[in-house]
Amino acid sequence: MRRGAPPIASLARDWFARDTTTVAQELIGCTLVVDSGTAQRVVARIVEAEAYLGTRDPASHAFRGPTPRAGIMFRAPGHLYVYLSYGMHHCANIVTEPDGVAGAVLLRAASVEHGLDVVRARRGATMAMDALLRGPGNLCRGLALSLLDNGLDLCAAESRVHVEPRAATPPLSVGPRVGITVGAGRRLRFAWRAHPAVSSPSPSR
DNA sequence: CCGCCGATCTTT
DNA sequence: AAGATCGGCGGG
């Protein structure tokens with residue numbers, strides 16, 4: 001952690017050990033803090049997320065049980081589940097529900113609050129600020145999250161990734177999840193209403 | 001603005 | 001063979 005950095009008021013494990021849909025909604029507006037080695041810290045506001053409901057959700061990686069890849073979704077809440085998408089992009093989830101019950105929230109977009117220079121170095125110096133962490137693959141690239149971070153405990157003090165609670169409840173929009181064929185129809189995508197960093201298509205209500 | 005397509009590799 | 005993606009390209 002960076003010297004002189006403010007203390008982290010991380011969300012407790014019990015906060016994540018709840019209904020996945022609830023956690024997904026309440027993560028909107030929360031703050032993601034990612035430390036990367038040489039005194040580099042990025043702080044970003046979560047503006048879009050999706051709920052994946054484990055064994056009762058055919059779109060979830062946990063639908064077929066605790067496979068090697070998705071097994072972490074069955075274990076302790078408050079951990080990071082990172083996987084490789086389409087062979088080239090990383091996607092980051094936060095594990096939810098009590099230990100033994102599968103669930104996770106996919107982080108789909110965030111808005112940079114601090115560390116803009118660091119994120120631009122990873123994503124491109126000329127990229128529009130609102131696009132830097134827009135989309136799950138772009139979010140991981142901008143925050144330097146990779147398979148190396150799979151299994152990180154967000155509730156542990158020594159972790160390089162933390163989530164801090166939101167100060168106020170932002171206006172929400174809801175819509176169907178993006179990029180899936182099975183299990184579509186369910187409205188498990190949540191976003192900060194009209195926030196410019198939310199990915200397209202824009203969720204409706 | 002929209003739709004299509006290829007890249008690239010893990011999982012099924 | 002499909003997939004919790006992305007950026008580029010061509011057409012309207």
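So you know, we letter chains A, B, ... as the sequences are listed, proteins then strands, and number each from 1.
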Query raised in the report: For the atom pair CG (L27(A)) and CD (E48(A)), what is the distance rounded to the nearest 0.5 Å?
Result: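 That separation rounds to 13.0 Å.
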
Would you indicate which nucleotide in [options] comes nearest to any side-chain atom of [X]?
X       : options                 : result
R123(A) : dG7(C), dG3(C), dT5(C)  : dG7(C)
T181(A) : dC6(C), dG3(C), dA4(C)  : dG3(C)
M88(A)  : dT12(B), dG3(C), dT8(B) : dT8(B)
L84(A)  : dT5(C), dC6(C), dT10(B) : dT10(B)
H89(A)  : dG3(C), dC9(B), dC6(C)  : dC6(C)

Query - Polar side-chain atom of R123(A) near backbone of A131(A) as donor-acceptor pair, under 3.5 Å - result: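 Judged by distance alone, yes, a pair lies under 3.5 Å.
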
Query raised in the report: Taking R193(A) for the side chain and V174(A) for the main chain, is one N or O donor matched with an acceptor at less than 3.5 Å?
Result: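 No: the side chain of R193(A) does not pair with the backbone of V174(A).
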
Query raised in the report: Does the aromatic ring of Y52(A) sit over the six-membered base ring of dA4(C), closer than 5.5 Å centre to centre and tilted less than 30°?
Result: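 Y52(A) ring centre within cut-off of dA4(C) base, planes near parallel; stacks.
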
Query raised in the report: Would you say the side chains of T21(A) and R186(A) form a donor-acceptor pair under 3.5 Å?
Result: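 Not at all, the side chains of T21(A) and R186(A) share no donor-acceptor pair under 3.5 Å.
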
Query - Distance-only side-chain donor-acceptor flag, E113(A) / T31(A), under 3.5 Å - result: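 Absent: no donor and acceptor within the cut-off.
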
How is [X] classified with respect to the nucleic acid when contacts are heavy atoms under 4.0 Å: base, sugar-phosphate, or nothing?
X       : value
R177(A) : nothing
N93(A)  : base
L106(A) : base

Query raised in the report: Can you find an N or O donor on one side and an acceptor on the other, under 3.5 Å apart, linking the side chain of Y83(A) with the base of dA4(C)?
Result: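 Such a pair exists between side chain and base.
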
Would you mind reading off the distance between [X] atom [atom1] and [N] atom [atom2], rounded to a whole angstrom?
X       : N      : atom1 : atom2 : answer
Y86(A)  : dC9(B) : OH    : P     : 16 Å
L145(A) : dA4(C) : CG    : C1'   : 16 Å
R134(A) : dG7(C) : CZ    : C1'   : 13 Å

**Report entry** Within 45° cone and under 6.0 Å: R13(A) NZ/CZ vs W15(A) ring
**Finding:**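 No, a cation-pi geometry is absent between R13(A) and W15(A).
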
Requested in this report: Report yes if a side-chain nitrogen or oxygen of R108(A) is closer than 4.0 Å to either non-bridging phosphate oxygen (OP1 or OP2) of dT5(C); otherwise report no.
Outcome: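 True: R108(A) side-chain N/O within range (under 4.0 Å) of dT5(C) OP1/OP2.
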
Query raised in the report: Within less than 4.0 Å of OP1 or OP2 of dT11(B), is there a side-chain N or O belonging to H61(A)?
Result: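 H61(A) to dT11(B) OP1/OP2: no side-chain N or O under 4.0 Å.
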
Query raised in the report: Reading DNA chain C 5' to 3', what string of ( ), [ ], | and . shows its pairs, if Watson-Crick and G-U wobble pairs count only when both distances fall under 3.5 Å?
Result: |||.|||||||.

Report task. Please lay out, stage by stage, how L107(A) and I94(A) fare under the test side-chain contact (heavy atoms from CB on, under 4.5 Å). Result -> CA-CA 8 Å; L107(A) 302 176; I94(A) 298 177; 4.2 Å; yes

